[in-house]
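I have placed the structure first, in the form of C-alpha cells, so that the comments after it can refer back to it.
Below, read A as the first sequence line, B as the second, and so on, with proteins coming before strands; counting in each chain starts at 1.
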Protein chains: 2
Amino acid sequence: MPNIEYLCDTNKTLTGVLNVMSKCEQCIVRQFSSLKALTKEELLNLSDCKTLYTIKKGEPVFNEGEKLQGVFCIKDGVCKMTKLNANGNEQIVKLISKGELLGQRSLISEEPVNLSAVALDDMQVCFIPKAEVMKFFNQNNQFSMNVMRTICGDLKEADDHLVTMAQKSVKQRLAEVLLYLHDTFGINEEDKSLMVKLSREELAGMIGTATESCIRLLSEFNKSGLIALSGKKIIITDSDKLRKI
Amino acid sequence: MPNIEYLCDTNKTLTGVLNVMSKCEQCIVRQFSSLKALTKEELLNLSDCKTLYTIKKGEPVFNEGEKLQGVFCIKDGVCKMTKLNANGNEQIVKLISKGELLGQRSLISEEPVNLSAVALDDMQVCFIPKAEVMKFFNQNNQFSMNVMRTICGDLKEADDHLVTMAQKSVKQRLAEVLLYLHDTFGINEEDKSLMVKLSREELAGMIGTATESCIRLLSEFNKSGLIALSGKKIIITDSDKLRKI
DNA sequence: TGGCATACATGACAAAAGTCATATTTTATT
DNA sequence: AATAAAATATGACTTTTGTCATGTATGCCA
C-alpha cells in the first residue's frame, strides 16, 4: 500500500500543494459521508491535515491485516473490499465508492483492517489522520451518530447479504449481483453496459462460485435474452426476468 | 411479541415489584455489555425505568419488521436471530446470549428490526426504553463508544461469516458451527454434550442447507468418530479432526 | 399405556456446482 | 503487425447438495 504514514509526517510540501486544489469545505463528496456533520471550522482544520491520494486501477488502498493510521474518504472511483480464503480464492465482500469512508471500523475497534481495499478504476482518496477523526468523535456528537448510523446500515446489509449467500442458488446470486451493479453504479450512456467493470473472476468472487460456473451462467443468461455480452461488457436487456430468477 | 409498550407505560406496580429484585447496579450481566460505562447515578435511573421480562423457550422477543421502543438486555438464556427467505426457510444469522444487548441497531438506524429474535431456552431480559438509551448516547461518550465498538465487532463477524458461507462447503460449515457452539456456549459437565440445543432443522438453518443434508452429514461425522450422537444430544469427540475438515 | 404428532434418519434419484482439459478470443507488448 | 500472455468460453466428467419418499425413533398427552 502507499506508505501513508511517511507521506503524512514528512511531505508537508506535497501535502500543502495538493490541498490548495482541494479544500474540504468545497468538496461535494463530503456531503454524502458522515463528514457532513462537521462545522466550517472543523472542515478548515481537516483541509490542513488531510492528504489527497491517487490510486491506480488494480492497486490496493490497504491490505487485510494492516494497521491504519487514519481513514480514507473516497473522492472518486470504486474499490472492492476483499478477503482471501485458505484456497487463495478472493471473496469480494462489497464494493465501496465515491463519498464513503474506508477504514472507520478498524479505527474504532483499534484493530488491523479485516478486508483489503483494491481500486477497480483510478481512485482519488483523501487520507484523514486518526487523531483528527478521534477529535471529531469527542467534540461533535452529530458526527459520531452519523458514523454509528453508517455502520449500523453496513451491518444490516451484511446480515441480508449473508442470508442471500446461504439460501440462494448461484444463478440467483448472479442475477442479484448484476441488478445490484446496475442499480448502484449505473450504466454507460452510449451502449447501456454496466458502468463498473469486473472480470469474470471478480464477478465469481462476488457470488462465491467458480469462475467457470459464473461464465457458464452468463452465457445461459445471454442465450435466454436476459443480458447481452460484448467482450467484457455486460448489458442488462430484461431486468424484470432477471429479477424473477 | 410481548406487548412491551403496554407494560412499560401502565404497569408501574409490576415494574416496581420486579425492580426490587433486580437493581441494575448489582446486575453482573451488565458488566459484559456496553452498559458497563454507566455511572452509579445513571444505573439508578435505569433501574427505575427498565422492565424485567421472562420469555419462554420458542417464544419471540420480537419479530422481523417490528418497530422497537427500546433495547433488551439479556440477563439469562440464548436466542436465535433469524430471517425468513422467500421459500419460508429460516436462516439463523447468529446466536445471542447473556450480557448482550438486542435491538441497538434498529434504535440507532430508526428502522424496524431486520431480524427476529426467538428464545432457544427460557430467557430473562430487561427492556430499556428508547428515551433512556438516547439519553445515555448524549450524556455518556464512553457508552457511545462502547456501543460503536460492539457494532463494529458485529460487522467484522458478519463479514467473516459471509466469506465462510460463500466459500466453504456444507460439510465445512457444519464442522465450523459445531466447534463454534462448543467454544462459545460450552458443554454439559455430565455427558460433555453441547450446551445449546438446536433441532436438526435449526442447525441446517445456521449452515444454510437442507435439513436432510445436515442430518446426513451428522451421521457421517458420527460414523467417522468426530462426534457422538445420543438422541438430540451432540458430543464432540475429536475436535482436532473436525477443525481440519 | 396406547396412539398420535413430531423429529430424526436413510435410500434413491435429480439437479446444481465444481474441476480439469482445451479451445478461442481479447489485450498487452515489443 | 506479430507474438505472447491473459481472459473468456465450452465440453466432459465428478462431486456435492437438494428433493421426495418412506421408515424409525421419541416425546407428549389424554
Using rotation axes that map the C1' atoms of four end pairs onto the next four (five pairs an end), what angle separates the end axes of the helix from C/dT1-D/dA30 to C/dT30-D/dA1, to 10°?
->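 Its terminal axes enclose an angle near 40°.
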[X] [atom1] - [N] [atom2] separation (whole Å):
X        : N      : atom1 : atom2 : result
B/Glu201 : D/dT26 : CD    : P     : 19 Å
A/Glu202 : D/dA6  : CD    : P     : 16 Å
B/Lys197 : D/dT26 : NZ    : P     : 15 Å

Flag for A/Thr150-A/Gln104: side-chain donor and acceptor within less than 3.5 Å =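 Result is no, nothing qualifies.
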Between residues 219-242 of chain A and DNA chain D, which residues have a heavy-atom gap below 4.0 Å?
-> A/Ser219, A/Lys232
According to side-chain contact (heavy atoms from CB on, under 4.5 Å), who are the partners of [X], at least two apart in sequence or on a separate chain?
X        : value
B/Lys192 : B/Ile187, B/Glu189, B/Ile235
A/Arg200 : A/Thr211, A/Ile215, A/Leu218, A/Leu229, A/Ile234
A/Ala175 : A/Phe221, A/Leu242, A/Ile245
B/Glu157 : none

Measure the CG-NZ distance between A/Leu174 and A/Lys168 for me, rounded to the nearest 0.5 Å.
-> 12.5 Å
Distance from B/Asn85 atom CG to B/Gln91 atom CD, nearest 0.5 Å?
-> 8.0 Å
I'd like a table of atom pairs between the protein and nucleotides 16-22 of chain D - only N or O on both sides, under 3.5 Å - with the distance next to each one.
residue: D/dT17; atom: OP1; partner: B/Val170; partner atom: N; Å: 2.8
residue: D/dG18; atom: OP2; partner: B/Thr209; partner atom: OG1; Å: 2.3
residue: D/dG18; atom: OP2; partner: B/Ala210; partner atom: N; Å: 3.4
residue: D/dG18; atom: OP2; partner: B/Ser213; partner atom: OG; Å: 2.9
residue: D/dT19; atom: O4; partner: B/Arg216; partner atom: NH2; Å: 2.8

Can B/Lys75 and B/Cys27 be said to form a side chain to side chain contact (heavy atoms under 4.5 Å, CB included), step by step?
-> CA-CA 8 Å; B/Lys75 223 171 131 76; B/Cys27 182; 3.9 Å; yes
In short, salt bridge (Lys or Arg N to Asp or Glu O under 4.0 Å) pairs touching residues 84-107 of chain B with sequence neighbours left out are B/Lys80-B/Glu90, B/Arg105-B/Glu111
Contacts satisfying salt bridge (Lys or Arg N to Asp or Glu O under 4.0 Å) that involve residues 210-220 of chain A (not counting sequence neighbours) are A/Lys171-A/Glu220
Salt bridge (Lys or Arg N to Asp or Glu O under 4.0 Å) with B/Asp121: which residues, sequence neighbours excluded?
->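 By the salt bridge (Lys or Arg N to Asp or Glu O under 4.0 Å) rule, B/Asp121 matches no residue at all.
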Could you note down all residue pairs passing side chain to side chain donor-acceptor pair (under 3.5 Å) where residues 224-241 of chain A supplies at least one of them, sequence neighbours left out?
-> A/Asp191-A/Lys233
Can you pull the contact range of chain B along DNA chain C, 5' to 3', using atoms under 4.0 angstrom from its heavy atoms?
-> C/dA7 to C/dA12
Locate the shortest heavy-atom distance separating A/Pro112 from A/Ser106; write the atom from each residue and the value.
-> C-OG, 3.8 Å
